[in-house]
Visitor: 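Mind looking over this structure? Questions follow.
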Amino acid sequence: VDPRLFKTIMASFPSGVAIMTSVDDEGRPQGLTLNATCSVSLSPPLLLACLDRGSNTLQAVRSSGRFAVNYLAAGRSDLSDRFASSAADKFSGINWRRSAAGLPVLYRDVVAHAECTVENEIEAGDHVVILGAVVAGSADPEGTQPLLYFRRTYDQWPVGLTAPVQEGARA
Ligand SMILES: Cc1cc2nc3c(=O)[nH]c(=O)nc-3n(C[C@H](O)[C@H](O)[C@H](O)COP(=O)(O)O)c2cc1C
């Protein structure tokens, strides 16, 4: 298939937008914008993320063996743009903290986050598929709206999603 057509086909499937975060060898937070991520298994709980081989964040994920996926809330396309850039300090001035496990996690600007340990890594063309075992996380009980990405454009879901998440969503 023509690469442009491939990209256009893939861009036709809408997704949310996440920020994947990890820590490098010196304990500094690293992160990138990610939409190639999804749930894989319930028992055990697994998710996957596809990272470009040249990603700085991939190096941090490999060396620390852990990462978090922070699912952005509607209206936070500025964070998506920032983490898709090569800015030196992507974390400066934003709402983040270190979790009990020491991972940088975003708050206020997300609908949920998942903390993972690396279970497996699969080479896949110019990307690497990281399989993560989900060990902790949280989901916003207020039913916050997610950021939407479709045909390379940010938006929000056209109808209000007000349903609360299930009991026990807070880990
Ligand atoms: C909406 C959006 C989704 C993206 N999804 C991915 C993705 O799934 N995997 C990936 O490797 N890069 C993805 N990128 C590009 C990275 O965020 C970008 O290359 C980033 O600069 C990599 O940062 P790093 O080298 O510090 O890890 C996406 C960018 C945008 C704007």
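Since the structure is predicted, the reported quantities are computational estimates derived from the model, not experimental observations. As a basis for the values below, the full set of heavy atoms in this structure was taken, side chains included, without hydrogen atoms, waters or symmetry mates.
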Visitor: Are any of the side-chain heavy atoms of Ser80 and Leu72 separated by less than 4.5 Å?
Guide: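 A side-chain contact exists here, since the closest heavy-atom pair is under 4.5 Å.
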
Visitor: Please name all residues satisfying ring pair (Phe, Tyr, Trp, His ring centres under 6.0 Å) with Phe83, sequence neighbours left out, ordered by chain then number.
Guide: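 With neighbours one apart ignored, the set is Phe91.
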
Visitor: What are the two closest heavy atoms between Asp52 and His127, and how far apart are they?
Guide: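 In terms of heavy atoms, the two residues are closest at N-CD2, 3.3 Å.
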
Visitor: Quick one: do Leu131 and Val129 end up in the same hydrophobic cluster if we chain Ile, Leu, Val, Met, Phe, Trp and Tyr together by side-chain heavy atoms under 4.5 Å apart?
Guide: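 Yes; tracing contacts between hydrophobic side chains, which count when under 4.5 Å, links both residues.
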
Visitor: Go through it in stages, so that I can follow the logic: the residues are Val17 and Leu34, the test is side-chain contact (heavy atoms from CB on, under 4.5 Å), and I'd like the CA-CA distance, side-chain angles, deciding distance and then a yes or no.
Guide: CA-CA 6 Å; Val17 183; Leu34 172 85; over 6 Å; no

Visitor: Determine whether more than 12 heavy atoms belonging to other residues, nucleotides or ligands lie under 6.0 Å from atom CG of Leu42.
Guide: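 No, CG of Leu42 has 12 or fewer neighbouring heavy atoms, counting only those of other groups under 6.0 Å.
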
Visitor: Between Val110 and Asp140, is there a side-chain heavy-atom distance shorter than 4.5 Å?
Guide: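 No. Closest side-chain heavy atoms not under 4.5 Å.
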
Visitor: Looking at every heavy atom in both Val105 and Ala68, which two are closest together, and how far apart are they?
Guide: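 The pair with the smallest heavy-atom distance is CG1-CB, 4.0 Å.
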
Visitor: Do the side chain of Lys90 and the main chain of Gly31 share a donor and acceptor less than 3.5 angstrom apart?
Guide: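 Checked: pair present.
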
Visitor: Please answer whether the main-chain N or O of Phe67 pairs with a side-chain N or O of Ser22 as donor and acceptor at a distance below 3.5 Å.
Guide: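 A pair under 3.5 Å: no.
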
Visitor: State whether Arg76 and Asp109 are salt-bridged, where the test is any N-O pair (Lys NZ or Arg NE/NH1/NH2 against Asp/Glu carboxylate O) under 4.0 Å.
Guide: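 The answer is yes: the pair qualifies as a salt bridge.
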
Visitor: Taking the side chain as everything from C-beta on, heavy atoms only, tell me whether Ile19 gets closer than 4.5 Å to Leu32.
Guide: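 No; the side chains remain at least 4.5 Å from each other.
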
Visitor: Look at atom CZ of Arg97 and say whether more than 12 heavy atoms of other residues, nucleotides or ligands are closer to it than 6.0 Å.
Guide: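 Result for CZ/Arg97: enclosed.
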
Visitor: Using atom types as modelled and distance alone, determine if a side-chain donor or acceptor of Arg151 lies under 3.5 Å from a backbone N or O of Phe13.
Guide: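 No: the side chain of Arg151 does not pair with the backbone of Phe13.
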
Visitor: For Val134 versus Cys116, what's the shortest heavy-atom pair and its separation?
Guide: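 What the structure gives for the nearest pair is CG2-SG, 3.9 Å.
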
Visitor: Would you name the heavy atoms of Met20 and Thr57 that are closest together and state the gap between them?
Guide: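 Looks like O-CG2, 4.0 Å.
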
Visitor: Using a 4.5 Å cut-off on heavy atoms from C-beta on, say whether the side chain of Asn95 contacts that of Leu106.
Guide: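 No, too far: nothing below the 4.5 Å cut-off.
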
Visitor: If we only count heavy atoms from C-beta on, is the Val128 to Arg62 side-chain gap below 4.5 Å?
Guide: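 Yes, at least one pair of side-chain atoms sits under 4.5 Å.
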
Visitor: Side chains of Leu47 and Cys38, heavy atoms from C-beta outward: is any pair under 4.5 Å?
Guide: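 Not in contact.
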
Visitor: Should Ile94 and Leu79 count as side-chain neighbours, where that means a heavy-atom distance under 4.5 Å?
Guide: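 Of all side-chain heavy-atom pairs linking Leu79 with Ile94, at least one is under 4.5 Å.
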
Visitor: Passes side-chain contact (heavy atoms from CB on, under 4.5 Å), Gln59 versus Gln30? Steps please.
Guide: CA-CA 9 Å; Gln59 287 180 30; Gln30 300 288 340; over 6 Å; no

Visitor: Under a single-linkage definition using a 4.5 Å side-chain heavy-atom cutoff for Ile, Leu, Val, Met, Phe, Trp and Tyr, are Val69 and Ile130 assigned to the same hydrophobic cluster?
Guide: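 Linked within one cluster.
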
Visitor: Checking side-chain polar atoms at under 3.5 Å, does Asp24 have a donor or acceptor matched by the opposite partner on Ser64?
Guide: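 On atom types as modelled, these side chains do not qualify, holding no pair under 3.5 Å.
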
Visitor: We want to know whether Glu115 and Ser99 form a side-chain donor-acceptor pair, criterion being a heavy-atom distance below 3.5 angstrom.
Guide: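 Yes.
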
Visitor: Between Tyr154 and Asp81, does any side-chain donor sit less than 3.5 Å from a side-chain acceptor?
Guide: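 Yes, a side-chain donor-acceptor pair sits under 3.5 Å.
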
Visitor: I'd like to check Leu48 versus Thr37 (side-chain heavy atoms, cut-off strictly below 4.5 Å). Are they in contact?
Guide: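 They are not in contact (no side-chain heavy atoms under 4.5 Å apart), so the answer is no.
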
